[in-house]
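Treat the numbers as computed from the prediction; the structure is a model and nothing was measured.
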Amino acid sequence: MAEPEWAERRTLFAMNCPSPCRACGSHKFWRVNPVMLPQFDSNNAIYTMPAVCRSSSGGTASHEWGKKIEHGNFAAWICVGCGLTDWFAVGVNDMLSQLARNRDSGVTYVDGEPQGYR
């Protein structure tokens, strides 16, 4: 496997590369973007794994009829040394912001920033 040029290497690290691996310390990773899944009712079809998938009402009920909402995709970094995998959702903030307004969506925004003492 050829080593990437320095400019390309900087770009890879800017895209959420978890280097070094928090489990084994390796700096070598496989990047998979987008993550794909097999189409279970077909022998040879694949599709992009959506990061957000809900019913057309925005709820989590799997029995609802109607159009489904799929948005964004997943990228994964897989450590060459130990296989630890870090998943990153890509292109989802706008849709998650909309879904967070629907109580039945199962989506909640959490601001984990520490608050200052006064």
J.: Which residue pairs pass the salt bridge (charged side-chain N to carboxylate O under 4.0 Å, His left out) test when at least one of the two sits in residues 76-92, sequence neighbours left out?
T.: Arg22-Asp86
J.: So which heavy atom on Cys82 is nearest to which on Cys79, and how close?
T.: N-SG, 3.5 Å
J.: When clusters are formed by joining ILVMFWY residues with side-chain heavy atoms under 4.5 Å apart, either directly or through shared neighbours, do Val32 and Met49 land in the same one?
T.: yes
J.: What are the two closest non-hydrogen atoms of Pro50 and Phe74, and how far apart are they?
T.: O-CE1, 3.6 Å
J.: Name each donor-acceptor pair under 3.5 Å that joins a side chain in residues 91-98 to protein atoms two or more places apart or in another chain, with its distance.
T.:
none

J.: Share the residues that join Val90 in a hydrophobic cluster, the rule being Ile, Leu, Val, Met, Phe, Trp or Tyr side chains under 4.5 Å apart at the heavy-atom level.
T.: none
J.: Check which hydrophobic residues are tied to Ile46 through side-chain heavy-atom contacts below 4.5 Å, counting indirect links as well, and list them.
T.: Met36
J.: Could you list the residues that satisfy side chain to side chain contact (heavy atoms under 4.5 Å, CB included) with Ala100, not counting sequence neighbours?
T.: Val107
J.: Does any pair with a residue in residues 44-53 pass side chain to side chain donor-acceptor pair (under 3.5 Å), and if so which ones, sequence neighbours excluded?
T.: Ser42-Asn44
J.: What is the minimum heavy-atom distance between Ser105 and Arg54, and which atoms define it?
T.: O-NE, 2.7 Å
J.: Do Phe29 and Cys21 touch side chain to side chain, with heavy atoms closer than 4.5 Å?
T.: yes
J.: For residues 74-84, which residue pairs pass the salt bridge (charged side-chain N to carboxylate O under 4.0 Å, His left out) check, not counting sequence neighbours?
T.: none
J.: Measuring from Leu99:CG to Tyr109:OH, what's the distance to the nearest 0.5 Å?
T.: 15.5 Å
J.: Residues two or more places apart in sequence or in another chain: which of them pass side chain to side chain donor-acceptor pair (under 3.5 Å) with Asp41?
T.: Gln39
J.: Nearest 0.5 angstrom please: Ile78 CD1 to Trp87 CH2, how far?
T.: 8.0 Å
J.: Would you name the heavy atoms of Ala76 and Thr85 that are closest together and state the gap between them?
T.: CB-CG2, 4.0 Å
J.: Salt bridge (charged side-chain N to carboxylate O under 4.0 Å, His left out): which pairs involve residues 70-81, sequence neighbours left out?
T.: Lys68-Glu70
